[in-house]
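Keep in mind that the numbers below use all heavy atoms, side chains included, and drop hydrogens, waters and symmetry copies.
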Amino acid sequence: MCGIVGIVGGEQVNQALYDGLTGVQHRGQDAAGIMTSDGNRVFLRKDRGLVRDVFHTRHMVQLQGDMGIGHARYPTAGCDSRAEAQPFYVNSPFGIALGHNGNLTNADTLRDELFRQDLRQLNTSSDSEILLNILAHELREAIGESSLRVAPDDIFEAVGGVFRRCRGAYAVLAMIVGGGVLAFRDPCGIRPLIYGTKQNGDKLSHMFASESAALDVLGYQIQRDVAPGEAIFVDIEGVVHSKICAEYPKYAPCIFEYVYLARPDSVLDNVPVYQTRIEMGKALGEKLAETWIDHDIDVVIPVPDTSRTAALEMARVLDLPFREGFIKNRYIGRTFIMPGQAQRKKSVRQKLNAIGTEFKDKNVLLVDDSIVRGTTSEKIIELAREAGAKKVYFASAAPAVRYQNVYGIDMPSSRELVAHGRATEEVCEQIGADRLIYQELDDLVASVRKCNPNILEFDTSCFDGNYVTGDITPEYLLSVDNLRNDESKKMDQNELDLSEVTDVNEKTH
């Protein structure tokens with residue numbers, strides 16, 4: 001999960017790219033980068049940290065040009081160094097910069113192919129650099145040796161080559177110096193990518209982003225989503241070219257986007273995220289009412305912030321009071337992506353504080369969007385009991401998360417997922433609740449499809465283990481498991497700490 005933005009416009013785009021990145025900051029808090037071009041040269045600033053910390057006035061004034069792309073990185077396993085911040089850049093052909101959201105599931109094979117067949121050397125472990133080099137190689141093959149300009153047909157042929165070689169999830173923005181901005185999305189459309197326009201004087205400005213909210217805040221009118229297997233190229237004259245480049249595209253977006261990842265004010269694939277969360281709360285409330293007729297719940301309390309919409313609808317369905325019981329510290333990041341169990345436990349305490357009067361002597365139903373490791377849920381239940389709750393029931397707006405996500409969400413090793421290999425009653429005991437209610441998968445799918453019946457399939461792999469790309473083997477899952485467990489992340493962090501000390505020493509001496 002990362003956030004990407006790209007703009008081709010009739011004015012300087014540096015500020016708009018910055019504002020667009022802040023609009024998708026929730027998708028990646030680890031690193032940020034912007035690359036712009038004036039048609040001849042490129043200008044780059046990227047580093048670890050939030051958007052507001054990476055870019056200062058001295059950096060912004062150097063980011064010249066009327067087209068560019070930006071990226072906010074989510075901290076995935078094995079991708080922690082400053083050098084792996086995006087966008088990446090290669091100078092041939094023409095000069096190409098690329099940022100991407102997702103994960104290549106055949107990255108190891110591609111890395112070997114690039115070295116042995118395409119004669120390209122990679123400098124990082126990022127699969128985004130792999131994507132960039134494959135795109136560059138395929139574009140060089142498409143244009144031949146003598147062409148001095150890039151044509152849309154050459155670009156579409158190159159993207160077709162990327163689709164034939166790359167597996168997994170990828171929403172991509174690439175800037176071709178002197179050419180324009182290219183957007184494309186994997187053949188299943190797993191990760192979101194949307195396109196919009198805005199009139200700038202006598203010129204039309206074009207923008208791509210991971211979520212519609214980023215377009216909204218900048219005044220762009222949504223035109224449409226980039227379709228699965230489609231490439232859209234906006235050249236420097238503002239002419240839009242598009243083509244379906246994949247042989248067998250199908251709509252199968254990640255359903256976890258609607259559960260947790262996306263902003264509630266976004267619309268993804270013509271599905272309003274806020275509305276899906278209302279439907280999730282309604283379905284879960286109806287399930288609880290049917291299966292627990294004689295419940296003794298006094299109040300419904302959301303775990304802020306993503307679950308608030310579902311909790312409010314559950315309270316309405318159950319005819320129960322809805323109360324805010326937790327106050328959130330806005331300066332703590334998302335805890336399920338933090339490396340190390342001790343750090344996650346500490347972060348939960350720093351992140352939430354209970355309002356005692358809303359819990360004292362009450363039977364409370366806590367509603368969260370999902371339960372991943374269970375660490376957060378366990379600590380929240382402890383907070384509720386310490387605040388005086390008599391009984392604490394817990395509801396998850398998503399089904400039990402039992403399997404790894406291999407398409408760009410850094411969910412942990414399967415053995416670290418609290419629901420992996422456990423029945424609901426066992427998970428309930430593990431997190432310390434008096435009762436646990438999960439959403440049914442069919443109800444979750446129906447909640448999203450109700451907003452767009454044209455989507456016939458979703459990636460629900462973290463709930464049911466069915467991977468929509470059809471190429472995920474037990475051996476691959478084992479390799480992901482070994483990469484993502486806490487011990488591996490601890491080793492990565494130790495290596496990172498050492499490398500940063502080395503950097504400081506080199507600068508000092």
Side-chain angles (χ1 to χ4, degrees), residues 26 256-266 272-289 292 295-330 332-336 347-360 362-401 427-428 431-439 443-444 447:
H26 61 288
F256 209 73
E257 290 278 356
Y258 304 96
V259 171
Y260 175 74
L261 301 180
R263 280 175 49 157
D265 53 337
S266 285
V273 175
Y274 183 79
Q275 187 62 39
T276 67
R277 292 174 184 170
I278 290 176
E279 297 296 335
M280 292 174 205
K282 180 181 178 182
L284 191 55
E286 291 173 349
K287 175 186 175 180
L288 191 151
W292 192 11
H295 71 77
D296 58 352
I297 301 168
D298 295 316
V299 63
V300 177
I301 294 176
V303 177
D305 285 314
T306 322
S307 63
R308 186 174 283 113
T309 309
L312 187 59
E313 190 65 10
M314 282 192 75
R316 186 195 67 78
V317 170
L318 297 169
D319 195 22
L320 289 170
F322 172 90
R323 294 289 186 271
E324 295 286 352
F326 296 105
I327 297 300
K328 183 177 181 181
N329 183 340
R330 303 289 174 182
I332 300 294
R334 292 180 162 183
T335 53
F336 92 86
S347 294
V348 173
R349 286 285 182 171
Q350 293 174 335
K351 184 177 181 179
L352 295 176
N353 192 38
I355 302 173
T357 53
E358 297 302 332
F359 291 93
K360 189 170 177 58
K362 296 177 183 177
N363 298 330
V364 300
L365 174 65
L366 301 182
V367 182
D368 207 351
D369 51 73
S370 57
I371 305 171
V372 182
R373 283 185 173 90
T375 306
T376 301
S377 305
E378 181 182 355
K379 289 302 173 184
I380 287 170
I381 291 168
E382 286 181 11
L383 285 173
R385 295 195 190 281
E386 290 171 4
K390 289 193 299 183
K391 293 181 180 178
V392 182
Y393 308 120
F394 206 91
S396 169
V401 177
V427 177
C428 182
I431 65 176
D434 292 293
R435 186 164 183 149
L436 173 61
I437 303 97
Y438 275 118
Q439 183 84 267
D443 289 340
L444 174 61
S447 295

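Once rounded to the nearest 0.5 Å, the distance linking OH of Y258 with CZ of R277 reads 10.5 Å. Interatomic distance, CG of L318 versus NE2 of H295, reported as 5.0 Å (0.5 Å rounding). Once rounded to the nearest 0.5 Å, the distance linking CG of L352 with CD1 of I327 reads 9.5 Å. Atoms CG and CG, on L365 and L288 in that order, are 6.5 Å from each other to the nearest 0.5 Å. With rounding to the nearest 0.5 angstrom, the CD atom of E378 is 7.0 Å from the OG1 atom of T375. For the atom pair CD1 of I381 and SG of C428, the computed distance is 7.5 Å after rounding to the nearest 0.5 Å.
Within the 4.5 Å cutoff, no side-chain heavy atoms of D434 are placed close to those of F394. At least one side-chain heavy atom of L320 sits under 4.5 Å from a side-chain heavy atom of V300. Annotation: side chain of E279 is not in contact with side chain of T276 (no heavy-atom distance under 4.5 Å). The shortest side-chain heavy-atom distance between E358 and E324 does not fall under the 4.5 Å cut-off.
Side-chain atoms of R385 do not come within 3.5 Å of backbone N or O of I380 as any donor-acceptor pair. Within the 3.5 Å criterion, the main-chain N or O of A397 finds no donor-acceptor partner in the side chain of D369. Judged by distance alone, with hydrogens and angles left aside, the side-chain atoms of Q439 form a donor-acceptor pair with the main-chain N or O of M280 at under 3.5 Å. Proximity of a side-chain donor or acceptor of S447 to a complementary backbone N or O of D443 within less than 3.5 Å is detected.
Y438 and K287 make their closest contact through O-NZ, 2.5 Å (heavy atoms, listed as atom of the first residue, atom of the second, distance). Taking all atoms of both residues into account, the shortest heavy-atom contact from I371 to G374 is CG2-CA, 3.9 Å. Across all their heavy atoms, M314 and V367 have their closest contact at SD-CG2, 3.9 Å. Shortest non-hydrogen contact noted between F326 and P304 is CB-CD, 3.9 Å. When all heavy atoms of F359 and A354 are compared, the closest pair comes out as CE1-CB, 3.9 Å.
Counting only residues at least two apart or in different chains, salt bridge (Lys or Arg N to Asp or Glu O under 4.0 Å) contacts with residues 387-396 comprise D296-K391. Evaluation of the ring pair (Phe, Tyr, Trp, His ring centres under 6.0 Å) test over residues 366-388, restricted to residues two or more places apart or in two chains, returns none.
D305 pairs by the salt bridge (charged side-chain N to carboxylate O under 4.0 Å, His left out) definition with R308, K328, R330, not counting sequence neighbours.
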If you apply the rule side chain to side chain contact (heavy atoms under 4.5 Å, CB included), what do you find for Y393 with L436, and how did you get there? CA-CA 6 Å; Y393 308 120; L436 173 61; over 6 Å; no

Side chain to side chain contact (heavy atoms under 4.5 Å, CB included) between V299 and F322: does it pass, once the steps are laid out? CA-CA 6 Å; V299 63; F322 172 90; over 6 Å; no

Please report the C-alpha distance between D368 and S396 in whole Å, then the side-chain angles of each, then the deciding distance to 0.1 Å, and finally whether the side chain to side chain contact (heavy atoms under 4.5 Å, CB included) criterion is met. CA-CA 5 Å; D368 207 351; S396 169; 5.9 Å; no

Side chain to side chain contact (heavy atoms under 4.5 Å, CB included) between D298 and V364, worked out: CA-CA 6 Å; D298 295 316; V364 300; over 6 Å; no

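A salt bridge does not link K282 with E313: none of the charged nitrogens is closer than 4.0 Å to a carboxylate oxygen.
Taking the six-membered ring where the residue is Trp, Y260 and F256 present tilted rings, their angle falling between 30° and 60°.
Under a cut-off of 6.0 angstrom, the local environment of OH in Y274 is sparse, with at most 12 non-hydrogen atoms contributed by other residues, nucleotides or ligands.
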